[in-house]
There are 2 protein chains.
Amino acid sequence: MKDKSDATCEKVHFAIQDTLYVVNGKWKLLILSILVNNGMKRFGELSRESGISPRILSKELHELELNKLITRTVCNTKPVTVEYSSTAYAETLKEVIDAMIRWGQNHRKKIIEQ
Amino acid sequence: MKDKSDATCEKVHFAIQDTLYVVNGKWKLLILSILVNNGMKRFGELSRESGISPRILSKELHELELNKLITRTVCNTKPVTVEYSSTAYAETLKEVIDAMIRWGQNHRKKIIEQ
DNA sequence: GTAACCAGTTACCGAAATGTAAGTAGTTAC
DNA sequence: GTAACTACTTACATTTCGGTAACTGGTTAC
C-alpha cells in the first residue's frame with residue numbers, strides 16, 4: 001500500500017464490488033441510462049430501443065425494481081400498458097453512467113484513429 | 001425520445017456497451033482501482049489483496065494489457081518478480097472507477113441504515 | 001370468432017464466466 | 001536433495017448469463 005491503510009483499501013474493494021453487484025451484466029446500465037436520460041418508457045419501447053429480448057428485459061427490470069432504481073406503473077389503458085421510470089435514487093448513478101458514456105465515446109475514437 | 005435524436009441515443013447505447021466490453025466481469029475495475037490508486041503491484045500482491053485466484057488474475061491481466069490499460073514488467077530479482085502498473089490511459093478510467101467507489105460506499109450506507 | 005396488440009412468462013439451450021486443485025519452471029536457502 | 005519462494009498454467013467442474021422460440025392472458029377491432 002502506498003498511501004492508504006488496509007481498512008481503507010478494503011472499503012474501496014467492497015465499494016466497487018457492491019456497485020458491480022447492483023449494475024452487473026450487459027444491460028442494466030444501458031436500461032438505466034435510457035430511463036434516466038429520456039424519462040419514462042413502456043416495456044415494448046424499452047425492448048425495441050435497447051434490443052433486449054422480452055425474457056431478459058423482464059428479468060433485468062425486476063432486479064432494478066428490487067434495488068429501488070426504477071418504478072413500474074400499470075396504466076389503465078386498453079390494452080394495458082406499463083410504464084417504467086427511473087427513481088430519484090437512480091439519479092445518483094448518473095455520475096457513473098455519464099462517466100462510462102464519456103469514456104466509451106472517447107475509447108471508440110481512439111480505436112478508430114489507429 | 002424526449003430530448004434526444006435517435007442517432008444520439010444510438011451513440012450513447014454504443015458508448016456504454018463499449019465501456020462494458022473493456023471492463024467487463026467482476027474483477028477488471030477492481031484490479032484497475034488498486035493499480036490506479038496505489039501504484040505498482042506484483043502478481044502475488046494483487047492476488048492476495050484482491051482475493052482473485054491465480055488463474056483468473058492471469059487472464060484478467062492479459063486482457064487489461066491487450067487494451068493498454070496496464071503494463072507488465074519482469075524484474076531481474078531472484079526469484080523473478082513481475083510488476084504490474086496502470087498506464088496513463090487507465091487514468092482516464094479514474095472518473096468511472098471513482099464514481100463507482102463513491103456510489104458503492106453510499107449504497108452500502110443506505111442498505112445498512114434500513 | 002379470429003386477428004392483433006400489449007406485457008410479459010416458460011422451456012430449452014449454448015456460451016461465457018468463475019472457481020478449485022494441482023502441476024510447471026526457475027532460483028535460492030539449508 | 002528437499003523445501004520454499006516467485007509467477008504462472010492446466011485440467012476440470014460448476015455456475016451464471018444471455019439468447020431463441022413459443023406460449024399465456026387480457027382486451028379490442030372487425
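Chain letters run A, B, ... following the sequence lines, proteins first, then strands; residues in each count from 1.
- Judged by distance alone, the side chains of B/K26 and A/N24 never bring a donor and an acceptor atom under 3.5 Å apart.
- Using a cut-off of 4.0 Å between Lys/Arg side-chain N and Asp/Glu carboxylate O, B/K41 and B/E83 are scored as not salt-bridged.
- Using modelled atom types, no side-chain atom of A/S58 and backbone atom of A/P54 make a donor-acceptor pair closer than 3.5 Å.
- B/L35 and B/S85 get closest at one heavy-atom pair: CD1-C, 4.3 Å.
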Residues 107-114 of chain A side chain polar contacts: donor-acceptor under 3.5 Å, at least two apart:
unit_1	atom_1	unit_2	atom_2	d
A/H107	ND1	B/Y89	OH	2.6
A/R108	NE	B/D18	OD2	2.7
A/R108	NH2	B/D18	OD1	3.3
A/R108	NH2	B/D18	OD2	3.1

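- Here A/H62 does not reach the OP1 or OP2 of C/dG8: none of its side-chain N or O atoms lies under 4.0 Å away.
- Not counting sequence neighbours, B/H13 has no partner by the side-chain hydrogen bond (donor to acceptor under 3.5 Å, both in side chains) test.
- Counting only N and O atoms by type, the side chains of A/T92 and B/W103 include a donor and acceptor under 3.5 Å apart.
- If you measure from atom OH of B/Y84 to atom P of D/dT6, you get 14 Å, rounded to the nearest angstrom.
- Atom CD1 in B/I31 sits roughly 10 Å away from atom P in C/dT18 (whole-Å rounding).
- Looking at heavy-atom distances under 4.0 Å, A/S53 makes contact with a base.
- Taking atom CG of residue A/L46 and atom P of nucleotide C/dG8, one finds them 10 Å apart after rounding to whole Å.
- For the segment residues 13-29 of chain A, no residue has any heavy atom less than 4.0 angstrom from an atom of DNA chain C.
- Atom NZ of B/K41 and atom P of D/dC8 are 16 Å apart (whole Å).
- Remark: P of D/dT6 and CD of B/E83 are 14 Å apart, rounded to the nearest angstrom.
- Here D/dC17 presents its C1' atom at 9 Å from CD of A/E60, a figure rounded to the nearest Å.
- A sub-4.0 Å separation between OP1 or OP2 of C/dT9 and a side-chain N or O of A/S58 is present.
- Considering all non-hydrogen atoms of both residues, B/I52 and B/L57 come closest at CG2-N, 3.5 Å.
- The minimum heavy-atom distance between A/I34 and A/E49, with the atom names listed, is CG2-OE1, 4.4 Å.
- To the nearest angstrom, C1' of C/dT18 lies 11 Å from CD1 of B/I52.
- Comparing the helix axis at one end of the helix from C/dG1-D/dC30 to C/dC30-D/dG1 with that at the other, each defined from 5 consecutive pairs, gives an inter-axis angle of 10° (nearest 10°).
- The interatomic distance linking B/K59 (NZ) with C/dT18 (C1') rounds to 7 Å, in whole Å.
- Residues in residues 63-79 of chain B take part in these salt bridge (charged side-chain N to carboxylate O under 4.0 Å, His left out) pairs, two or more places apart or across chains: B/K28-B/E63.
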(message) One character per nucleotide, please: for nucleotides 21-30 of chain C, 5' to 3', B when the base has a protein heavy atom closer than 4.0 Å, S when only the sugar-phosphate does, - otherwise.
(response) -----BSS--
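- Closest heavy-atom contact between B/S33 and A/V12: OG-CG1, 3.9 Å.
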